[in-house]
Protein chains: 2
Amino acid sequence: MSRTPAVRRRGEVLEQAILDATWEEIQAVGFTKLTMEGVAKRAGTSKPVLYRRWADRTELIMACAVSRMPTVESVPDTGSLRGDAVELLTQLRDRMSAVGPIVIVTLVGEVTHYPTFRREFLHKFIDRLVELMNETVLDRAVARGEITESQLTDRLRRLPIDLARNEFLITGAIADEAIEEIIDQVFLPALHYRRNLPAEAAEPAPEPSPAPGDRRSERRGVTGATAGDREADAGRDLV
Amino acid sequence: MSRTPAVRRRGEVLEQAILDATWEEIQAVGFTKLTMEGVAKRAGTSKPVLYRRWADRTELIMACAVSRMPTVESVPDTGSLRGDAVELLTQLRDRMSAVGPIVIVTLVGEVTHYPTFRREFLHKFIDRLVELMNETVLDRAVARGEITESQLTDRLRRLPIDLARNEFLITGAIADEAIEEIIDQVFLPALHYRRNLPAEAAEPAPEPSPAPGDRRSERRGVTGATAGDREADAGRDLV
DNA sequence: CTATCTAAGATACTGGCCGTATCTTACGAA
DNA sequence: TTCGTAAGATACGGCCAGTATCTTAGATAG
């Protein structure tokens, strides 16, 4: 449990030891029951040392998660959109698995309470992935001639990431088959439908088949935005 | 703040008063800072009364959320798959908006820690929606002749719900436009692609276009399931 | 090697909240 | 009117957050 070393650690070394202890504490007692005192004892140090670095529990846990989540540097060119997309989702999966579903889910929850954290969290975890999707995977596919810019909408661009993230948040894992389903049953078919669309007449939906009396979208509900939540865009590309 | 009524309330009346107070307390101090003492005071009662009904904070909050979330009874027949799907997602959106993003997200987080809660939560909030999707919306579309059973996969069946849920968890809201994008840009096109597929040759993905050297799915990553999380299926249809 | 400065580590304290135990008292039922 | 049940008040032990204070290790400069 508590391991007070012979030598007094400092700076970087100490910090890493605390983050490791935090991680072990999460594994041992769980996220909700994690306490600063527990972490301090496990790290062989004391509370003030923790509070000198992180303002509270949430910050500590977030720092811990950040330190354990591998970064995605690039997506290798597999030669096809499909291959690249599978690769991207696989990396996303591996990143999130490295931290674990409980931490990720709880973090999303905790982070929702703190706009400040939320932005930092988003910046650290997500932006790179979305960039990779837009600027590497999709641009490459366009360059190859697999797709054209006109086939893409914002919604379609983030579709694979949205579905993979959702899979992980809800089920706690993403199987290889799930990745292939997302790409093969949803993403590529949805792109495929827009293959030869004229410039911007692309909007309306296809009739899947002879639809008898289609009086589309009659009723509207509440507007949805539960007021004062206009940092929605910031959250758009989470994880 | 505290409103101790002249008469001593009991049973149903008292319980509802406490749940109302819980809701007000969430609005007032936020989710994380909600305390049993605070709720008791606001409800004009005392802690033991709370603990006689709910074991802890999480149970109380969950009961509060359940009591405030309207149930979805049915999806009216709008005459088309598109209309029905929009209607279903709109109801889903309204249900979740009635409770609010912070509560939902935090609840998903808290619930992840407690397998028992998780199941109850899923049962109360989700099952009905998935049922409605499968047994009302899609069956009706098949009956109309808009689609055939062979076009459907499990993934496609829950696609709209997955995307809508994700939208809400991440951005905190679901705009009308988002619902239409989900249906028109993703769901219907993906279905459309499978329109005239032979029985089960449906699996492989479409080449979006002339793909040069497509050596598909070469590398595999970690298996994804972060061990011992085989209640994944239970979580599959969350919210 | 010594002086000095910084940060680690130990300890203690206030305050808040949890969860429970105990007692009194209002209300409903018979 | 009586009696049983549950509401409400109070109090308490315990844990933990977060801070203040003091001592001491060790890095660095001269």
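It should be emphasised that the depicted structure is a prediction, and the values quoted were computed from it without experimental measurement.
When the side chain to side chain donor-acceptor pair (under 3.5 Å) test is applied to A:D139, no partner is found at least two apart in sequence or on another chain. Residues forming a side chain to side chain contact (heavy atoms under 4.5 Å, CB included) with A:A164 (at least two apart in sequence, or on another chain): A:L89, A:L92, A:I174, A:I182. Shown here are the salt bridge (charged side-chain N to carboxylate O under 4.0 Å, His left out) partners of A:R53, two or more places apart in sequence or in another chain: A:E15. Taking B:R68 as the reference, nothing meets the side chain to side chain donor-acceptor pair (under 3.5 Å) condition, with sequence neighbours excluded. For A:N134, the side chain to side chain donor-acceptor pair (under 3.5 Å) test picks out A:R157, with sequence neighbours left out. Every residue meeting the side chain to side chain contact (heavy atoms under 4.5 Å, CB included) condition with A:A63, not counting sequence neighbours, appears here in chain and number order: A:L19, A:W54. When the side chain to side chain donor-acceptor pair (under 3.5 Å) test is applied to A:E37, the partners found at least two apart in sequence or on another chain are A:K47.
For the OP1/OP2 pair of C:dG16 and a distance below 4.0 Å, the side-chain nitrogens and oxygens of B:T35 include no atom meeting the criterion. For the OP1/OP2 pair of C:dG9 and a distance below 4.0 Å, the side-chain nitrogens and oxygens of A:T45 include at least one atom meeting the criterion.
A straight line from CD of A:E59 to C1' of D:dG18 spans 14 Å, rounded to a whole angstrom. Atom P of nucleotide C:dA26 and atom CG of B:L14 are separated by 16 Å, given to the nearest angstrom. Nucleotide D:dG18 holds its P atom 12 Å from the CG atom of A:L34, rounded to whole Å. Rounded to a whole Å, the CG atom of B:L50 is 11 Å from the P atom of D:dA7. B:I18 places its CD1 atom 11 Å from the C1' atom of D:dG8, with the value rounded to the nearest Å. When rounded to the nearest whole Å, the span between NZ of A:K41 and C1' of C:dT11 equals 14 Å. Atom CZ in A:R57 sits about 14 Å away from atom C1' in D:dC15, given to the nearest Å. Here the P atom of nucleotide D:dA17 and the CG atom of A:L60 are 10 Å apart, to the nearest Å.
Put simply, the residue from B:E181, B:E177, B:E180 that forms a salt bridge (Lys or Arg N to Asp or Glu O under 4.0 Å) with A:R155 is B:E181.
No salt bridge links A:E25 with A:K41; every basic N to acidic carboxylate O contact stays at or beyond 4.0 Å.
For the residue pair B:T153 and A:Q185, a side-chain donor N or O sits within less than 3.5 Å of a side-chain acceptor on the partner.
Picking from D:dG8, C:dG9, C:dC18 the nucleotide with the shortest atom distance to the side chain of A:R9 gives C:dG9. The side chain of A:V49 has C:dG9 as its nearest neighbour among D:dA17, C:dC18, C:dG9. Checking D:dT10, D:dG18, C:dA10 against every side-chain atom of A:D56, the shortest atom distance belongs to D:dG18. Checking D:dA9, D:dA7, C:dC18 against the side-chain heavy atoms of B:R53 singles out D:dA7 as nearest.
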Might you list the N or O atoms of the protein lying below 3.5 Å from N or O atoms in nucleotides 12-14 of chain C, with each pair's distance?
none

Where do N or O atoms of nucleotides 3-5 of chain D meet protein N or O atoms at under 3.5 Å, pair by pair?
none

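Applying the 3.5 Å distance criterion, the base of C:dG9 shares a donor-acceptor pair with the side chain of A:R52.
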